[in-house]
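Note that this is a predicted model, so its numbers are computed, not measured.
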Amino acid sequence: MKKIKIVFLLCCMFVTAGMVFHTNQKKEVVPTLSYVSWGTTGQLVRDVQQALKNRGYYKGNVDGIYGTGTYNAIVSFQKDNALTADGIAGTETLRALGISSGTGSSGIGQTEQSDIDEDLYLLASAIHGEARGEPYEGQVAVGAVILNRVSSEDFPNSIAEVVYQRGAFDAVRDGQITLTPNDTAFRAAQDALNGWDPTNGALYYWNPATATSRWIWSVPITTSIGRHVFGVK
């Protein structure tokens with residue numbers, strides 16, 4: 001009888017432990033963000049766009065994709081409401097827009113962590129492959145060009161599509177895109193995603209000392225940072 005009781009108690013312990021483990025696992029599978037900034041996509045971005053549109057700040061499509069139009073609208077709204085004009089719709093900006101960020105899957109439609117992390121990593125990889133060794137501002141500038149292309153009608157509409165567009169970047173062609181980006185590249189990528197554009201809207205950049213394309217010289221140069229020049233056509 002004692003043996004039966006012990007076996008029964010052990011079974012109960014294993015079942016309970018399994019349930020706790022399963023519960024903990026389920027709690028960890030909802031990594032979410034409660035803010036909107038460069039690189040985020042999803043329902044929370046749509047909610048912000050719609051709220052800004054209702055107030056006359058946003059004129060674009062409510063598509064859940066954070067681009068230049070969303071950035072400009074957020075900054076304008078922040079300035080008019082005495083908020084930090086950084087283009088990031090964090091807790092205070094969301095509250096001012098009447099949006100409750102919520103948490104987990106029961107919130108207002110959070111942007112999943114992976115949505116921004118994948119873009120951040122790829123952008124940092126492109127910066128590292130294309131501009132490591134350049135001044136910090138020049139590294140941010142390379143990231144800004146990629147994001148400017150995402151926002152342009154003349155280029156694909158995602159970071160991945162822009163970076164891997166055929167013949168667009170040497171780092172993809174020679175494999176340096178696969179190198180692990182360093183901390184500087186990550187910081188530069190984040191600054192670019194947060195809206196810093198040292199190029200003022202450039203869509204192209206090149207090194208005058210090594211550029212072999214005749215066409216690239218037809219692009220009017222608007223600024224020069226480090227060994228790169230930047231322009232838009």
Legend entry - Pair Arg132, Gln176: side-chain N/O donor-acceptor within cut-off below 3.5 Å: yes
Inset, instruction - Show your reasoning for whether side chain to side chain contact (heavy atoms under 4.5 Å, CB included) applies to Val162 and Leu147. - result: CA-CA 9 Å; Val162 165; Leu147 294 176; over 6 Å; no
Inset, instruction - May I ask you to test the His228-Trp206 pair for a side-chain heavy-atom distance under 4.5 Å? - result: no
Legend entry - Gap between atom NZ of Lys233 and atom CG of Leu203 - 0.5 Å precision: 12.0 Å
Legend entry - Taking every non-hydrogen atom, the tightest pair across Asp197 and Ala144: OD1-CB, 3.3 Å
Inset, instruction - Can you measure from OG (Ser151) to CD1 (Ile146) and round to the nearest 0.5 angstrom? - result: 12.0 Å
Inset, instruction - Apply side chain to side chain contact (heavy atoms under 4.5 Å, CB included) to the pair Val232 and Val219, showing each step before the final yes or no. - result: CA-CA 6 Å; Val232 62; Val219 177; 5.7 Å; no
Inset, instruction - Would you mind reporting whether Phe186 and Leu123 have side-chain heavy atoms less than 4.5 Å apart? - result: no
Legend entry - Closest non-hydrogen atom pair between Pro181 and Tyr121, with its separation: CD-OH, 3.5 Å
Legend entry - side-chain hydrogen bond (donor to acceptor under 3.5 Å, both in side chains) assessment of Gln78 paired with Thr84: CA-CA 6 Å; Gln78 290 172 327; Thr84 301; over 6 Å; no
Legend entry - More than 12 heavy atoms of other groups within 6.0 Å of Asp183 CG: no
Legend entry - Atom CD of Glu92 with >12 non-hydrogen neighbours under 6.0 angstrom: no
Legend entry - Heavy-atom closest contact (Ala202 atom, Asn148 atom, distance): O-ND2, 2.9 Å
Legend entry - OG1-CG distance between Thr93 and Leu83, expressed to the nearest 0.5 angstrom: 4.5 Å
Inset, instruction - Please answer whether the main-chain N or O of Gly64 pairs with a side-chain N or O of Gln49 as donor and acceptor at a distance below 3.5 Å. - result: yes
Inset, instruction - Compare all side-chain heavy atoms of Thr199 with those of Val145 and state whether any distance is below 4.5 angstrom. - result: yes
Inset, instruction - Give me the ring orientation class for Phe230 and Tyr205: parallel if the planes are under 30° apart, tilted from 30 to 60°, perpendicular past 60°. - result: tilted
Legend entry - Side-chain touch Ile177/Phe169, heavy atoms, less than 4.5 angstrom: no
Legend entry - Lys59 side chain to Lys53 backbone, donor-acceptor under 3.5 Å: no
Inset, instruction - May I have the step-by-step check of side chain to side chain contact (heavy atoms under 4.5 Å, CB included) for Asp170 and Glu130, ending in yes or no? - result: CA-CA 7 Å; Asp170 289 338; Glu130 290 278 317; 3.9 Å; yes
Inset, instruction - Pick out which of Asn72, Leu97, Val62 makes a side-chain contact (heavy atoms from CB on, under 4.5 Å) with Leu52. - result: Leu97
Inset, instruction - Taking atom types as modelled, find out whether Gln50 and Tyr58 have a side-chain donor-acceptor pair closer than 3.5 angstrom. - result: no
Inset, instruction - Could you grab the distance from atom OG of Ser158 to atom CD of Gln165, nearest 0.5 Å is fine? - result: 10.0 Å
Inset, instruction - Could you pull out the closest heavy-atom pair between Ala96 and Arg55, with the gap in Å? - result: O-NH2, 4.0 Å
Inset, instruction - Find out whether His128 and Asn182 are in side-chain contact, i.e. whether some heavy atom of one side chain is under 4.5 Å from a heavy atom of the other. - result: yes
Legend entry - Min side-chain heavy-atom separation Pro156-Val150 under 4.5 Å: no
Legend entry - Ser218 (side chain) donor-acceptor with Trp215 (main chain) under 3.5 angstrom: yes
Legend entry - Within 6.0 angstrom of Asn61 CG, more than 12 heavy atoms from elsewhere: no
Inset, instruction - With the side chain counted from C-beta on, respond yes when Arg46 and Asp63 share a heavy-atom pair under 4.5 Å apart, and no when they do not. - result: no
Legend entry - From CD1 (Ile127) to CZ (Arg187), nearest 0.5 Å: 11.0 Å
Inset, instruction - Can you see which heavy atom on Gly143 is nearest to which on Ala192, and at what distance? - result: C-CB, 3.9 Å
Legend entry - Asn157, Ile159, Val163 screened by side-chain contact (heavy atoms from CB on, under 4.5 Å) with Glu161, the one that passes: Asn157
Legend entry - Within 6.0 Å of NZ in Lys79, more than 12 heavy atoms from elsewhere: no
Legend entry - Asn194 side chain reached by Ile88 side chain, heavy atoms, under 4.5 Å: yes
Legend entry - Reported CG-to-CG distance for the pair Asp47 and Leu94, which is rounded to 0.5 angstrom: 9.0 Å
Inset, instruction - Please state whether the rings of Phe77 and Tyr57 are parallel, tilted or perpendicular, taking 30° and 60° as the class boundaries. - result: perpendicular
Inset, instruction - Output, in order, the C-alpha distance, side-chain angles, deciding distance and verdict of side chain to side chain contact (heavy atoms under 4.5 Å, CB included) for Tyr204 and Val229. - result: CA-CA 8 Å; Tyr204 303 93; Val229 292; over 6 Å; no
Legend entry - Closest non-hydrogen atom pair, Tyr136 against Ala188: OH-N, 3.2 Å
